[in-house]
There are 2 protein chains.
Amino acid sequence: MTNRETTTRETLTRNQTLVFDALAKAAGPLSAYTILDKLRDDGFRAPLQVYRALDKLVDFGMVHRLESLNAFVACAHPHCGQHGLIAFAICEKCGHVSEFSNDVIEDQVRGWAAANGFKPSKTTVEIRGNCAKCLNS
Amino acid sequence: MTNRETTTRETLTRNQTLVFDALAKAAGPLSAYTILDKLRDDGFRAPLQVYRALDKLVDFGMVHRLESLNAFVACAHPHCGQHGLIAFAICEKCGHVSEFSNDVIEDQVRGWAAANGFKPSKTTVEIRGNCAKCLNS
DNA sequence: ACTGATATGTTATTAAGTTACATCAGTTGC
DNA sequence: GCAACTGATGTAACTTAATAACATATCAGT
Ligand SMILES: [Zn+2]
Ligand SMILES: [Zn+2]
Ligand SMILES: [Zn+2]
Ligand SMILES: [Zn+2]
């Protein structure tokens with residue numbers, strides 16, 4: 001039970017469900033500690049409860065970690081099966097995150113890796129800036 | 001004094017010089033706290049001394065922050081002037097980091113941004129995996 | 001019921017980064 | 001010289017992020 005193919009929403013444990021729902025209904029990314037606070041009423045007491053659930057959810061592909069924020073978002077395409085390379089555009093004013101994939105970038109990464117004998121396991125692409133909405137206000 | 005054009009190595013302060021030298025002579029990326037430990041003998045006592053120097057060095061383009069590691073590396077091309085988009089390949093076994101730039105990726109990012117009214121300020125590209133050396137050993 | 005594997009609860013600790021405030025050194029204007 | 005300003009530094013306390021260690025609980029398969 002370690003990948004999205006064999007694990008669906010139905011098989012999530014109680015804690016995983018609580019954490020995923022918190023992320024899914026949030027407007028933007030949440031830090032692990034923010035999630036913890038939101039789940040105090042559901043019995044959460046310690047960071048590890050959140051981190052353990054997040055680890056699995058990331059593993060399942062249902063949640064992504066934003067490295068430049070130390071925060072987590074629910075996947076915007078939870079039913080698309082296995083993603084290729086995913087990029088995130090993060091608005092520094094309103095916190096909104098857009099998730100998209102880009103085959104050209106993926107090819108470039110693969111190309112550099114092949115040329116340099118590097119074997120990639122995970123690629124992070126995060127664009128920080130301001131979203132259209134914030135620029136027009 | 002906020003960009004690489006008007007600031008050279010000569011104008012670094014004592015603390016900035018110490019931090020930069022620590023990074024420059026390191027084999028791989030260092031966390032702020034690791035740098036602090038290395039500089040205890042030079043009088044460093046508090047994290048802020050390191051973070052302040054790092055902020056400036058990053059500003060000058062002489063040091064890069066690796067978001068997925070919460071760590072810092074000296075720029076591999078410190079004399080190339082202003083960089084465009086930079087990508088990092090990070091070996092998870094030996095810690096070695098390769099820095100390279102890629103115009104195609106930069107174009108793709110610009111393209112997505114233009115199409116979505118997003119104004120990018122900084123783009124992070126970090127490839128985690130294993131380097132050639134580690135794969136052949 | 002026994003066993004192994006996974007999930008959970010709890011406490012304490014380490015690592016990363018910031019706030020607030022005091023001091024010091026150089027520079028500009030008088 | 002001296003006030004006033006600016007940027008750099010020192011220090012303590014604190015918040016936030018993540019992990020280690022250990023105890024329990026749940027459940028499937030036999
Ligand atoms: Zn996704
Ligand atoms: Zn915005
Ligand atoms: Zn560089
Ligand atoms: Zn390596």
Side-chain angles (χ1 to χ4, degrees), chain A residues 1-3 6-23 28-60 62-73 92 95 124 126 128, chain B residues 1-3 6-7 9-20 22-23 28-60 62-73 92 95 124 126 128:
Chain A
M1 205 201 278
T2 52
N3 71 68
T6 57
T7 305
T8 61
R9 182 69 188 286
E10 272 56 53
T11 74
L12 294 183
T13 66
R14 172 183 148 84
N15 284 5
Q16 288 162 11
T17 305
L18 286 166
V19 169
F20 181 78
D21 287 349
L23 282 172
L30 300 178
S31 75
Y33 278 72
T34 304
I35 296 171
L36 175 58
D37 284 340
K38 286 182 186 290
L39 297 180
R40 296 258 179 217
D41 292 345
D42 297 291
F44 274 50
R45 292 289 115 107
L48 206 49
Q49 294 175 290
V50 178
Y51 281 110
R52 285 200 274 231
L54 285 171
D55 278 351
K56 293 291 182 181
L57 292 168
V58 168
D59 213 22
F60 299 160
M62 300 173 66
V63 164
H64 302 298
R65 179 188 162 85
L66 300 174
E67 303 288 353
S68 68
L69 290 180
N70 292 342
F72 301 83
V73 279
E92 297 187 312
T124 298
E126 297 178 15
R128 307 285 293 263
Chain B
M1 202 199 284
T2 51
N3 70 68
T6 58
T7 305
R9 182 69 190 285
E10 271 57 54
T11 75
L12 294 182
T13 67
R14 173 182 148 85
N15 285 4
Q16 288 161 12
T17 304
L18 286 166
V19 168
F20 181 78
L23 282 171
L30 300 179
S31 76
Y33 278 71
T34 303
I35 296 171
L36 175 57
D37 284 340
K38 286 182 185 293
L39 297 180
R40 296 257 179 219
D41 292 344
D42 297 290
F44 274 49
R45 291 290 117 100
L48 204 49
Q49 295 175 290
V50 178
Y51 283 111
R52 286 201 274 231
L54 285 172
D55 277 352
K56 294 290 183 180
L57 292 169
V58 168
D59 213 22
F60 299 160
M62 299 173 67
V63 165
H64 301 298
R65 179 188 162 83
L66 300 175
E67 302 287 355
S68 68
L69 291 181
N70 292 342
F72 301 83
V73 278
E92 298 186 312
T124 297
E126 296 178 15
R128 306 285 293 261

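If you're wondering where the values come from, they're calculated on a predicted model, not measured in any experiment.
Looking at A:Val73 and A:Arg65, their side chains never come closer than 4.5 Å, going by heavy atoms from C-beta outward. Between A:Arg45 and A:Leu36, the closest side-chain pair of non-hydrogen atoms is not below 4.5 Å.
Between the two ends of the helix from C:dA1-D:dT30 to C:dC30-D:dG1, each summarised by a five-pair axis, the helix axis turns through 20° (rounded to 10 degrees).
The shortest distance between the side-chain N/O atoms of B:Lys56 and the OP1/OP2 oxygens of D:dA8 is below 4.0 Å. Side-chain nitrogen and oxygen atoms of A:Gln49 include at least one within less than 4.0 Å of the OP1 or OP2 phosphate oxygen of C:dG9. Here A:Thr13 does not reach the OP1 or OP2 of C:dA7: none of its side-chain N or O atoms lies under 4.0 Å away. Between B:Arg14 and C:dA25 there is no side-chain N or O to OP1 or OP2 distance below 4.0 Å.
A:Arg52 comes within 4.0 angstrom of a base, heavy atoms only.
Put simply, the side chain of B:Tyr33 and the base of C:dA15 share no donor and acceptor less than 3.5 Å apart.
C:dA25 atom P lies 14 Å from atom CG of B:Asn15, rounded to whole Å. Nucleotide D:dT16 holds its C1' atom 17 Å from the CG atom of A:Leu66, rounded to whole Å.
Of the candidates D:dT19, C:dA16, D:dA18, C:dA16 carries the atom nearest the B:Asn70 side chain, counting heavy atoms from C-beta on. Proximity note for B:Phe72 (side chain, C-beta onward) versus D:dT9, D:dT11, C:dG17: the nearest is C:dG17. Out of D:dA20, D:dA18, C:dA16, the shortest distance to the side chain of A:Tyr51 is found at D:dA18. Each of D:dA18, C:dT18, D:dT19 was ranked by its minimum atom distance to the side chain of A:Arg65; first place goes to D:dA18.
Scored by the side-chain contact (heavy atoms from CB on, under 4.5 Å) test, A:Arg128 finds A:Ser68, A:Leu69, A:Ile90, A:Glu92, B:Ser121 as partners (sequence neighbours excluded).
Within residues 36-47 of chain B, no residue approaches DNA chain C, by heavy-atom distance under 4.0 Å.
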